[in-house]
Amino acid sequence: MSDPNTETTGTPDTGPDRARGIDDLLEQVRAGYTRVGPQAGHEAARAGEALLVDIRYAALRERDGLIPGAVVVERNELEWRLDPTGSHRLPEATGHDLRVVVVCNEGYASSLAAESLHRLGLRRATDLVGGFQAWRAAGLPVEPPRG
């Protein structure tokens, strides 16, 4: 009989806390939703069907520019700003049915951010394949850096 005061999480190789690399984690996370490419993200935002959220840090935005119309939210504030029930939400965070397309620099951190938004109930959250760099490479609009 096990001690009810002892926490059990499985062994490091078999349980929910098993060690795995970031590539495995990204594959698991991305299996939970459909990602969008730059052109599809652009069209959805332009049609008012999605909110583009740029989570790149300031140095990258200052170096590379901005996606016109994207809302800039630092990654460490994302959940607070997009939780439609939260007191610190953005005006754009209108409900759990909001389609959010998270944009990072290359499409890695945005996958983890989208998964976190799913846990908040934003089931239509997704991310941009290839991130800002793919957006720019596709020739889509970019506001040049200020300065």
Side-chain angles (χ1 to χ4, degrees), residues 2-138 140-142:
S2 64
D3 181 349
N5 295 316
T6 303
E7 184 175 328
T8 59
T9 59
T11 66
D13 295 327
T14 61
D17 293 332
R18 76 174 175 86
R20 64 175 147 219
I22 187 62
D23 291 334
D24 290 341
L25 179 59
L26 282 171
E27 182 179 340
Q28 177 187 1
V29 163
R30 290 171 175 167
Y33 63 91
T34 302
R35 303 176 78 205
V36 297
Q39 190 63 45
H42 178 252
E43 291 170 8
R46 190 174 61 203
E49 299 169 357
L51 176 66
L52 294 178
V53 179
D54 187 344
I55 63 168
R56 293 176 301 142
Y57 53 91
L60 290 176
R61 296 190 310 268
E62 290 166 5
R63 182 189 76 188
D64 294 338
L66 299 169
I67 295 173
V71 175
V72 174
V73 178
E74 297 287 337
R75 174 61 190 100
N76 63 330
E77 296 180 356
L78 184 68
E79 292 80 1
W80 284 268
R81 299 293 187 218
L82 291 181
D83 177 0
T85 65
S87 60
H88 293 81
R89 70 183 174 276
L90 294 172
E92 294 88 350
T94 56
H96 285 98
D97 61 343
L98 178 66
R99 184 173 183 208
V100 175
V101 178
V102 183
V103 181
C104 68
N105 195 47
E106 295 182 341
Y108 297 101
S110 57
S111 295
L112 300 176
E115 194 268 341
S116 181
L117 294 177
H118 277 240
R119 285 194 246 160
L120 283 177
L122 293 158
R123 296 287 173 219
R124 298 181 67 209
T126 186
D127 76 314
L128 191 74
V129 177
F132 178 86
Q133 297 306 323
W135 177 282
R136 183 170 59 182
L140 295 169
V142 173

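Model, not experiment: these values are computed from the prediction. Side chains included, hydrogens not; waters and symmetry mates left out as well; all remaining heavy atoms used.
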- [ ] Please name the pair of heavy atoms, one in G32 and one in H118, separated by the smallest distance, quoted to 0.1 Å.
- [x] O-CE1, 4.1 Å
- [ ] Report yes if some heavy atom in the side chain of I22 is under 4.5 Å from a heavy atom in the side chain of L112; otherwise report no.
- [x] yes
TODO: Could you grab the distance from atom CD of Q133 to atom CZ of R56, nearest 0.5 Å is fine?
DONE: 7.5 Å
Open item on the list: Please give me the minimum heavy-atom distance between I55 and A113, naming the atom from each residue.
Closed with: CD1-CB, 4.0 Å
Open item on the list: Considering only residues two or more places apart or on different chains, which pairs with a residue in residues 119-131 satisfy side-chain hydrogen bond (donor to acceptor under 3.5 Å, both in side chains)?
Closed with: Y33-D127, R35-D127, S110-D127, S111-D127, E115-R119
Task: Expected output: side-chain W80 to main-chain S87 donor-acceptor under 3.5 Å - done: no
Task: Sole candidate of L128, L60, N105, L66 that passes side-chain contact (heavy atoms from CB on, under 4.5 Å) when paired with D54 - done: L66
- [ ] Supply the atom-to-atom distance D23 CG to Y108 OH, rounded to the nearest 0.5 angstrom.
- [x] 8.0 Å
- [ ] Look at atom CD of E27 and say whether more than 12 heavy atoms of other residues, nucleotides or ligands are closer to it than 6.0 Å.
- [x] no
- [ ] Give the C-alpha distance, both sets of side-chain angles, the deciding distance and a yes or no for side-chain contact (heavy atoms from CB on, under 4.5 Å) between W135 and I67.
- [x] CA-CA 8 Å; W135 177 282; I67 295 173; 3.3 Å; yes
Open item on the list: Please enumerate all residues that pass side-chain hydrogen bond (donor to acceptor under 3.5 Å, both in side chains) together with E49, with sequence neighbours excluded.
Closed with: none
Task: Sub-4.5 Å side-chain heavy-atom contact between H88 and R81 - done: yes
Task: Audit row: V142, D64, side-chain contact (heavy atoms from CB on, under 4.5 Å) steps and yes/no - done: CA-CA 8 Å; V142 173; D64 294 338; over 6 Å; no
Task: Minimum side-chain heavy-atom gap V53-E92 below 4.5 Å - done: no
In residues 68-77, what donor-acceptor pairs under 3.5 Å come from side-chain atoms, sequence neighbours left out?
from : atom 1 : to  : atom 2 : distance (Å)
E74  : OE2    : R61 : NH1    : 3.4
E74  : OE2    : R61 : NH2    : 3.2
R75  : NH1    : E79 : OE1    : 3.0
R75  : NH1    : E79 : OE2    : 2.9
R75  : NH2    : E79 : OE2    : 3.0

Open item on the list: Is any side-chain heavy atom of P84 closer than 4.5 Å to one of L120?
Closed with: no
TODO: Measure the shortest side-chain to side-chain distance between H96 and T85 over non-hydrogen atoms and say whether it is less than 4.5 angstrom.
DONE: yes
TODO: Could you check L51 against L82 for side-chain contact (heavy atoms from CB on, under 4.5 Å), going step by step and ending with a plain yes or no?
DONE: CA-CA 10 Å; L51 176 66; L82 291 181; 4.3 Å; yes
